[in-house]
There are 2 protein chains.
Amino acid sequence: MAITSSTTDPSAPFDTQELRAWRGMLRAHAALTKALDAELEAAHGLPLSSYEVLLHVSHAEDQRMRMCDLADSVILSRSGLTRLIDRLEREGLVARESCPSDARGSFARLTPEGRTKLDAARRTHLAGVRLRFLDRVTPEELEALGDVWDRVLAGDDVDEAAVPPCG
Amino acid sequence: MAITSSTTDPSAPFDTQELRAWRGMLRAHAALTKALDAELEAAHGLPLSSYEVLLHVSHAEDQRMRMCDLADSVILSRSGLTRLIDRLEREGLVARESCPSDARGSFARLTPEGRTKLDAARRTHLAGVRLRFLDRVTPEELEALGDVWDRVLAGDDVDEAAVPPCG
DNA sequence: TCCCTATTGTTGCACATGCAATCATCAGAT
DNA sequence: ATCTGATGATTGCATGTGCAACAATAGGGA
């Protein structure tokens, strides 16, 4: 019988190191996002997804962004973003504005209340990420992680590439 | 004004490296799970969460596991697992069995059909993880990743620790 | 000018998921 | 034996999410 070598058989079982790196990421991600979300919700009544949206909007000039740009920045579908902005608007944290140059488009603009809430939530979130993640990683590992993610995300189009041309 | 040093102010903004490592993980995780889930669903009609459950059950002796043990192994709540097993049972991939030693408990056992389906899905999944993740990581990075996740997950109880004793 | 296609944002629908309540059962104390 | 608290599993309910369909508008060519 053949020796299962990872370089020849792409569907060979994972070895210990591979398993540790892969499942570890899944578990760490789940634990981190769950803890951070709960923390943010408890301290400011703001889910993590809402926080991320507010943060992105706040980085844009004029504190406003087009829905489509926002959907690309955030890990969320178009429809998901629409409902999330609905909620934020209901809470008075953002306001929708129509786009003069494109009647189809909408802006989401950060309100003063949204800015205040975001500033407070930001401190909580940054401290939470440091406590649970960044403080447990050396500078060298930090750089290695960044490199890995860049490489992983560079092949974001492997879906198409993996599918036979005339599928 | 004070110089913002990451060692003194836990809520100081992230620097470039920190941002790259943190947001990179969020994006990479989202991209990977989405691609792998879609791939598995397309090839075998099996969502990633179902695959993980089947895999864990298959690793247990007698190909069966208690619901509570399963819920601890998988990243899923108790109720979520109950419904997931409902679906898998409806598809004939697992079967529920009562536990002789504890009438409260249930086993989920892998059926022959489940075993067949899992074997096929496993090849797809392993190859997918290699293609999108493992093949893009050096052995040194792999080890570093494992170390990082261990450290991150070791403090899985920071929630309680961060809460004031008599909160 | 008119038409055709692409894009933007929203909505209907289905679905997976978590929390809290619930039921049955276990284990231990009295 | 009985009572009590803890535990395993399930269910009702609410919620967040994605996909596909849709309406409105943009942009470009005949």
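Below, read A as the first sequence line, B as the second, and so on, with proteins coming before strands; counting in each chain starts at 1. Predicted model, so just to flag it, every value in this text is computed and none were measured.
Residue side chain B:Ser79 reaches the base of C:dG18 through a donor-acceptor N/O pair under 3.5 Å, judged by distance alone.
Remark: P of D:dT7 and CG of B:Asp69 are 14 Å apart, rounded to the nearest angstrom. Rounded to whole angstrom, the span from the CZ atom of A:Arg96 across to the P atom of C:dT8 amounts to 16 Å. Between A:Leu81 atom CG and C:dT10 atom P there is a gap of 8 Å when expressed in whole angstrom units. Straight-line distance from the CG atom of A:Leu46 to the C1' atom of D:dG16: 15 Å, rounded to whole Å. Rounding to whole angstrom units, CZ of residue A:Arg90 and P of D:dT15 are separated by 10 Å. Across the protein-nucleic acid pair, A:Phe107 atom CZ and C:dT10 atom P stand 13 Å apart, rounded to whole Å. If you take CE of A:Met67 and P of D:dA24, they are 18 Å apart, rounded to a whole angstrom. Taking atom CD on B:Glu91 and atom C1' on C:dC15, their separation rounds to 14 Å, with Å as the unit.
If A:Arg104 and A:Leu84 are placed on DNA chain D by their nearest nucleotide, the residue sitting closer to the 5' end is A:Leu84. Positionally, the nearest nucleotide of DNA chain C for A:Cys68 lies more toward the 5' end than for the other of A:Lys34 and A:Cys68. Of the residues near DNA chain D, A:Asp102 and A:Pro47, the one whose nearest nucleotide (by heavy atom distance) lies more toward the 5' end is A:Pro47.
When atom types are taken as modelled, the side chain of A:Arg151 and the backbone of B:Arg136 share a donor-acceptor pair closer than 3.5 angstrom. Between the A:Arg130 side chain and the B:Ala12 main chain, a donor and an acceptor come within less than 3.5 Å of each other. Listed for the B:Ser106 side chain is no donor-acceptor partner under 3.5 Å among the backbone atoms of B:Ser98.
Applying the 4.5 Å side-chain rule to ILVMFWY residues, one finds A:Leu40, A:Leu46, A:Leu48, A:Tyr51, A:Val53, A:Leu54, A:Leu55, A:Met65, A:Met67, A:Leu70, A:Val74, A:Leu76, A:Leu81, A:Leu84, A:Ile85, A:Leu88, A:Leu93, A:Val94, A:Leu110, A:Leu118 in the same cluster as A:Val57.
Looking at residues two or more places apart in sequence or on another chain, you find a side-chain contact (heavy atoms from CB on, under 4.5 Å) between A:Gln17 and A:Asp15, A:Arg20, B:Leu142, B:Glu143.
Between C:dT25, D:dG16, C:dT7, one nucleotide has an atom nearer to the side chain of A:Arg87 than all others, and that is D:dG16.
Regarding contacts with the backbone of C:dC15, every side-chain N or O of B:Arg83 stays at 4.0 angstrom or more from both OP1 and OP2. At C:dC19, none of the side-chain N or O atoms of B:Arg78 fall inside 4.0 Å of OP1 or OP2 (strictly under the cut-off). Distances shorter than 4.0 Å separate none of the side-chain N or O atoms of B:Arg66 from OP1 or OP2 on D:dT7.
Among the protein residues, B:Thr82 comes within range of the nucleic acid bases, having at least one heavy atom under 4.0 Å from a base atom. At a threshold of 4.0 angstrom between heavy atoms, the contacts of B:Leu76 are confined to the sugar-phosphate backbone, with no base atom among them.
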